[in-house]
Structures are given as structure tokens and as C-alpha cells.
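Reminder, nothing fancy here: chain letters follow the sequence lines and each chain counts from 1. Values below: every heavy atom of this structure, side chains too, minus hydrogens, waters and symmetry copies.
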Amino acid sequence: MNIKLPDGSIHQYQDGMTALDIAESISPRLRKATLAAELDGKRVDAFAPIKGDHELKLLTFDDENGRWAFRHTASHMLAQAVKRLDPEVKFAIGPAIENGFYYDFDTPEGFSFSPEDLDALEKEMNKIAAESLQLHRFELPREEAIEYMKARNEPYKVELIQDLPEDSIISFYEQGEFADLCAGPHLENTGKVKNVKLMSVAGAYWRGSEKNKMLQRIYGTAFEKKADLEQYLFRLEEAKKRDHRKLGRELDLFDILDEGPGFPFFYPNGMTLRNQLESFWREQHQARGYKEIRTPMILNRDLWIRSGHWDHYQNNMYFTKIDDMDYAIKPMNCPGSILTYKRKIYSYRDLPERLGELGLVHRHELSGALHGLMRVRCFTQDDAHIFMTPEQIKAEILGVIDKFQCFYDTFGFKYTVELSTRPEKSMGSDEQWEHATSALEEALQASGLPFAINPGDGAFYGPKIDFHLEDAIGRTWQCGTIQLDFQMPERFDISYVGPDGEKHRPVMIHTVVFGSIERFIGILTEHCAGAFPTWVAPLQVKVLTITGRADEKAAEICETLKAAGLRAEADLRNEKIGFKIREAQMLKVPYMLVIGDKEIEQGVVAVRGRKKGDLGTMPLADFITLIHEEIASKAHD
RNA sequence: GCCAACGUAGCUCAGUUGGUAGAGCAGCUGAUUCGUAAUCAGCAGGUCAGGGGUUCGAGUCCCCUCGUUGGCUCCA
């Protein structure tokens, strides 16, 4: 048979040889590294015999798909270990995921895995690796497959098979006494999976639906090399140090107290930071032709019925009564924005009308969903609503995308983009949804941004484009969104007068860049580990004296800095300079000015940067120029 | 909301088989005037999340509530 390798070369092999054999023929080391293979682009076992001419790619741990096979085998080993230690446990599913794998188990009533159990399971997995069990693949016809799993008393597996399409191949993988329903591919042998770490236990609904039984999920990870596992665990530990909840307390920025779950406090430092972000937002939006508004936090029931929130969003809303009438606290700003639009008659010449609002919204999120500033029950959306003619849609969306890129680049964020389509619970006709969805898709394509489709995740009034930013440990959070909406304009019967003198229905875009100021601050805090870019840092310069003889000069310098528009403080305490520097470093103050007898005598300041250390001395005026330039450029890092 | 773990001083954490709460940092007081990540000493600080129960006795054991964390579900 002829085998074409990724470098384009074609080699002849004997029919029936496996990918491992072929790897061996190239080098013994490659054979050892080969975990799985891709045959004509399809993932297969490296130990499966190959027949006929094909294109072959050998997958190692460096390939995402190689790691996937490696960790998927690890998840089977976990299941095997669980079964050995507790035969009563039933298997659900156990896939490889980014950075690891998990397996869901249905355990006997009242039993749940403890940390000690995880240790024991880890040991058993190591034993399974030491046993060096060979993996075998076999296929069964549908009925036999069902009988096979019934005989093994695995009801979840039976259900999975029953839900597979009639004509699908039903494959199993067997290692020692253990066999599992699985499409593969897998490693040839359990002996390869030596560096395993079981991370945590969590509840997870069967098939992801809260209507189903909650199963026990064990998360783990596995690496080919021990050093890589250790490095991964170390990185996780390091990442915890930049958790925004921890930094928020340490830097005295913000906190969430037991007295108000999900309702954050912003302390003076946090407020300074926040105000900088809001100023930036205002500058940018003014420059981009937006007008700012502010709409009420409480509006009456009729409004929310009209907007559809009463029907579609009630579970997430807070209510109140005023003079025996029902009111709701706004969970979104759009109805207020629409009422603003409705206050007068718009001409097509006025459009697009871009209305921005830093609006505080309240949403009753499930208690278990709360997470620091990332997920709260009251937050400020940096909202904007654009009212426009249908012809303006594409240009407006492109304008918004440009705005997003400007914002995220300013902070040095990487982001991923998703297009979310119609959810089950939604309003409007199929045509409207199709029209709106394709408008978004076209704009995205025109922007050249790579994006993924997220089916069924749109808002109830329209499809959306989401921008996701990463936190310290790689979880991603939706920040920016662009939502196209044909519904609200209908519901509120808003219009503009066209060139023909007739009334027309405008189209509406809902969009946020920060997403919520709170979440954005959370992400930004983790992104820079609390060392905020100078332009947003709560305190920009700390003036440190070496002895009391410098007090007067330091105070004077501090005043000069403040007069130059900088956020500066002087530390005149009777402490050693090393101690003062340590404190300022821990607070991640961008610049420290050390003032002692020498500086006073020479008429200079000794500058220390939080990252670069001692930067030498310079006249105060030079330092002010330097920091002003840095602030003006909004430099990060 | 669901599953699990956890909740001790402002912060980080000790507290053995139930026998009346302890350290470091921060704070306060005093001494020290000192060149780029911690000067020394003293003092003060807690209804052990809240409420019930078991017990001669509960921070430790049991139950309930609240909150936090990790997930699931949901979402900016």
C-alpha cells in the first residue's frame, strides 16, 4: 500500500501494517511518541491495521488530537479504577477536555467521592498503568451492543447506544477486565499513561440537563512527561495568586461581603480604577458619535410586559411595589433606551442614532452561579443602543467591531468570537431570525475576524456576536456582545420617517464592550495580576523618604505631581526605605520616587519602576514628562 | 437552584480522641533617622458564620439556616 505522509512524501508499506509500525520504520523514538493517528483526516487508533492507499498523520502529545487520545485513555483508566474499588458504580460519559479529562459516575445513594477516594483512585490508575494493559477495539451490531451493556448493568450506556443513529458503527474499547462504549481513538496500552492527577469532584447533570439526575464527576489531567504535569500544577497555583477576588482585597479595590451576596462594594482604589475605565468609555463613545443617556432603575410592569421581559426574563428579575402598583428593577437597559427614542419623531436623516448608557442593572442569578466580580447580581453595563435603517446594519456592526478591537487592544487582551443563534425560548418569526443572523454573519465575515457558531445561545429577542476574554486560569467570560434586534422596535412600535414621507421601522443593535464594568475589572485585574497599566492604576506614584530630613521635599514633590494631574502619595513614615519599597511593590504602584539627602542636594528624584526596578535619578520635570507620555499612550506591560 | 467541600482576630492560617482559643502579618504605643522587597520591643484584638440539639462540658459530634469555593445548570 502507498502511504502519503504530511511532508508530501509517499512510502510503500505492506498491507495490514499499523501506524505504529510505520512510525517504527521512521524511527523508534517516533513509535514511542505516537499516540494515535489521522488517516485521510479521520482520527484512528495507531494500533489499527491499515489497508490500501492513504494519507497518514501520526499524532503525538504535541498534537491536540494526540493529547485528546492520551487523556481519553486516562479517563477510561479512571473508570476502570472506580469499578475496581466500587463495582456498584454506573458509568455515564468520560471525555477528554481542554487540559484534562473527566468521567461522570452514578454512585449508590448517599455516596460521594472524597479527597481520600481520589488519592486511592489515582493509585489504582497508576497500578493499571503498571499492568500495561493492551487496548482492543471491537464493534457490535446495535442489538448486541445494547444486550452487552445490559448484561454489564450499565443503564446509561444502554441509553447512549439507543440514541445513536440506526446505521452507526457501535464500537467498544477493552483493556483488561474493563470495556467501555467509545468511538476512540485510544492509545495502544495503558502503560503510557503514568502522570495522572485527579483534580476535583463535582456534581454534573446527566446529559447536562437539570431535569436529570445529578451524577458525580471526577476531573483529572494526565501528561506524557512528569515535568509537564508538575509544570501544569505549578501554573495553576501561580494563577490562583492572581485571582481577582484575592487581589481585590489585597489592593483594597473591591470586595463582596456576606451581607450582600453578588452585590459588590467598590472601595476608593477600586473606584479610581473604575472611573478611569468609564472616562475612557465616554471619550471613545463621544468620538464615535454616541450620545450618553441615563434611564431609571425602576419602571412599571406594563413596560416590562411590553418589552417581553415579563414573559421571558421574569425568573431573573427583582420586583417591588410602589403605591400598590407593580414595578420591576431593570435587568436590562434597552427598554429605557427605546423610550428615549420614542420621545420624538425621528427622520431617516437622524439615523443612525447611537445612545450609550452606563446602566446599573440587577439580575437574580442563581446563588451557585455567583463568582467574584465575574458573575454578580448587580452590575453596570456599558450599554449602547443603535437605532438605524436596515441599510445601515452592516456598516454599524462593522463600526462596533472596530470599537471592540480598539478597546481590547488598548488593554492587550486576546479574545475569541462567537456567533450565537436562535434559542428555544424566543420571540419573532423564522424570517426575522434568519435575516438578523445572516446580517451578523456577513458583518463578521467582512471584518475578517475568526469566529465560531454557538447554536441556540442567542438572546430571546435576537442573535448575537459575543466576545470572550480569558481569566487567570483560562476560563473564558463573555464581555462584549453585539445583538441585533428586530423585536423590540416592533413591540414598542418605534419608527422613523423615510425620504418617502412614510413611517418605517428602524432596526436596533444592543451592544456592550466592557460587558459589565465589574466583570471587565475582574478580568483586567487577573490579566495584569493587579499591576494595572499606569493610566488606570489607582495610585500612580509613591514618593518615599529615606529619613525625616526629606519629608518637606517629598511633600513638595508630591504636590507637584498632583498639580501635574497624577495620582500621587507620599510615604513619610519613620520606616526603612526597604520596607516602604516592599509595601509599594506589593501594592503594585507603577512608580516609586526615592528621596534622600543625595536627591535633595542634586535636585533630582530617584525613580524606581515596579517591574524594571531602579531606573536611576532624573530631574522631577523629566519624570513627569516620562509618565505623562506613558499615560497618554495607554501603554500596558 | 443542584452536588460536594469549607466557614476560627481586619488578612493568611494553627487548634490532637469533645476539657473553656493560638501564631504571623496588619493596627496601636514606644524606641530607632536608616539608601531600593520586612528594624526592635510592648499592647490591644475573637458570641470560633447564625440558630437549635447531644453532653457534666462543644471551635471540635448531630440537625437546620446563611455564606464562600469547585463544578453542573444559567449568564454580562
Reckon [X] has a side-chain N or O less than 4.0 Å from the OP1 or OP2 of [N]?
| X | N | result |
| --- | --- | --- |
| Arg610(A) | rA37(B) | no |
| Arg475(A) | rG70(B) | yes |
| Lys464(A) | rA76(B) | yes |
| Arg245(A) | rU69(B) | yes |
| His371(A) | rG71(B) | no |
| Thr547(A) | rC34(B) | no |

At 4.0 Å (heavy atoms only), tell me whether [X] reaches a base, stays on the sugar-phosphate, or touches nothing.
| X | result |
| --- | --- |
| Asp614(A) | base |
| Gln478(A) | sugar-phosphate |
| Phe579(A) | sugar-phosphate |
| Lys598(A) | base |
| Arg363(A) | base |
| Ala202(A) | base |
| Gly515(A) | sugar-phosphate |
| Glu575(A) | base |
| Thr481(A) | sugar-phosphate |
| Gly578(A) | sugar-phosphate |

His72(A) side chain to Trp68(A) backbone, donor-acceptor under 3.5 Å: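 A pair under 3.5 Å: no.
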Distance in angstrom units between [X] [atom1] and [N] [atom2], rounded:
| X | N | atom1 | atom2 | result |
| --- | --- | --- | --- | --- |
| Glu250(A) | rC13(B) | CD | P | 11 Å |
| Ile546(A) | rC34(B) | CD1 | P | 10 Å |
| Asp243(A) | rU68(B) | CG | P | 14 Å |

State, without any angle test, whether [X] and [Y] hold a side-chain donor-acceptor pair at a distance under 3.5 Å.
| X | Y | value |
| --- | --- | --- |
| Arg207(A) | Tyr205(A) | no |
| Thr545(A) | Arg573(A) | no |
| Thr534(A) | Gln540(A) | no |
| Ser337(A) | His385(A) | yes |

Tyr219(A) aromatic ring stacked with six-membered ring of rG71(B), 5.5 Å and 30°: no
Identified pairing partner of rU17(B), criterion: Watson-Crick or G-U wobble below 3.5 Å: none
Measure from the side chain of [X], starting at C-beta and using heavy atoms only, and say which of [options] lies closest.
| X | options | result |
| --- | --- | --- |
| Asp258(A) | rA37(B), rU39(B), rU68(B) | rU68(B) |
| Met214(A) | rC75(B), rC2(B), rA37(B) | rC2(B) |
| Tyr205(A) | rG67(B), rU39(B), rC72(B) | rC72(B) |

base_contact_polar (rG71(B) base, Gln216(A) side chain, donor-acceptor, <3.5 Å): no
rC75(B) base / Arg375(A) side chain donor-acceptor hit below 3.5 Å: yes
Distance between C1' atoms of rC2(B) and rG24(B) (Å, rounded):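 It works out to 39 Å between them.
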Criterion side-chain hydrogen bond (donor to acceptor under 3.5 Å, both in side chains) against Glu238(A), the qualifying member of Arg235(A), Lys241(A), Arg242(A): Lys241(A)
